[in-house]
There are 2 protein chains.
Amino acid sequence: MGKLPTEGTQARRFGKTRSAQSTALLEDYVELIADLLLSAGEARPTDIARRLGVSHATAVKTIARVKRAGLATARPYRGVFLTEEGRALADRVRVRHRLVVDLLCALGVPTEAAEADAEGIEHHVSETTLKAFAQFLKSRR
Amino acid sequence: MGKLPTEGTQARRFGKTRSAQSTALLEDYVELIADLLLSAGEARPTDIARRLGVSHATAVKTIARVKRAGLATARPYRGVFLTEEGRALADRVRVRHRLVVDLLCALGVPTEAAEADAEGIEHHVSETTLKAFAQFLKSRR
DNA sequence: TACGTTATGTAGCCTTAGCTACACTTTGAC
DNA sequence: GTCAAAGTGTAGCTAAGGCTACATAACGTA
């Protein structure tokens, strides 16, 4: 039985988790847009919607939020593009995703499950934890 | 560079992540209520709110949702109690939380960071992955 | 070039999860 | 027993993230 966290500590943890959830979607969009730009040369709302499994209207609305956050730009009927900041975020997210998947695989999680779980887990992994993951993988290679 | 997931596969993963998020709050509430019932003998809305770092009004509203989900019962001004189903969920959640924290610690993540990150991670760990975690911890003990 | 298909954007609705403000119970101290 | 403080509940607001329905733009092909 571990020691109980103080009221304040626990509240802070939950708060952090809540804010992580609000940025998770933005990260997913940015990562996906980067992916589409690279593999298809363009990122269209309909493609994004299909990949995420949501309606195109939902995608359009969220893209608007991504733009508002300064991560992307878009002109009507002309697709979506990342800003400098968006590209930087996409890179960070991609690296983190790979690291999480690699770690899960190293622990014996089957690839398919690792990829699926990483999708949810990655948004909640702190820098500190990420470093520990990298260290662990290095030591075992 | 891993192989790309098909459109459908990726959509399914995102969908799973989305639904996990909708149950995450319920799990947190149930776990906290169980905790308070055990340590204080009662679970009052204000205590729950303070521990989660939200207003009491928000807590009350979410407690209503927990009740609607059949996980808890409550009578006005008399505190919150778990149903059979709620207790079972609380147990599962507690076990899972401990396992995630223990794993992170075993990988060299400092305790404080492990506890904090686990709060967000635990809701996205599948049964498959959970088993791999347990197996890894056993093999290394 | 005209037209049907596909993509896009917009409007309006729902639920969740947060908040503040206000009203009503309970509880405890006197 | 009274009354103030603390706790509880309710109402009404916001933003996010879903959806469907509908109108308009772009594209490809006959």
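No experiment lies behind these values; they were computed from the predicted model shown. Order of the sequence lines fixes the chain letters, A, B, ..., with proteins taken first and strands second; residue numbering starts at 1 for each chain.
- Contacts classified as ring-ring contact (aromatic ring centres under 6.0 Å, His included) and involving residues 121-141 of chain A (residues at least two apart or in different chains) are given here: A:His124-B:His124, A:Phe136-B:Phe136.
- In this structure, the CZ atom of A:Arg68 is 13 Å from the C1' atom of D:dT14, given to the nearest Å.
- By the side chain to side chain donor-acceptor pair (under 3.5 Å) test, A:His56 is found to be paired with no residue, residues two or more places apart in sequence or in another chain being considered.
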Exercise. For nucleotides 3-13 of chain C, read 5' to 3', which letter fits each nucleotide if B means a protein heavy atom sits under 4.0 Å from the base, S means only the sugar-phosphate is that close, and - means neither?
Worked result: ----SBBBBBB
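- Between the side chain of B:Thr62 and the main chain of B:Thr58, a donor-acceptor pair closer than 3.5 Å is present.
- The side chain of B:Ser55 contributes no N or O atom lying less than 4.0 Å from OP1 or OP2 of C:dG18.
- Salt-bridge annotation for A:Asp47 and A:Arg51: absent, with no side-chain N of the basic residue lying under 4.0 Å from a carboxylate O of the acidic one.
- Residue A:Arg18 places no side-chain N or O under 4.0 Å from the OP1 or OP2 atom of C:dC19.
- In this structure, B:Arg94 does not pair ionically with B:Asp35, as no charged nitrogen and carboxylate oxygen lie closer than 4.0 Å.
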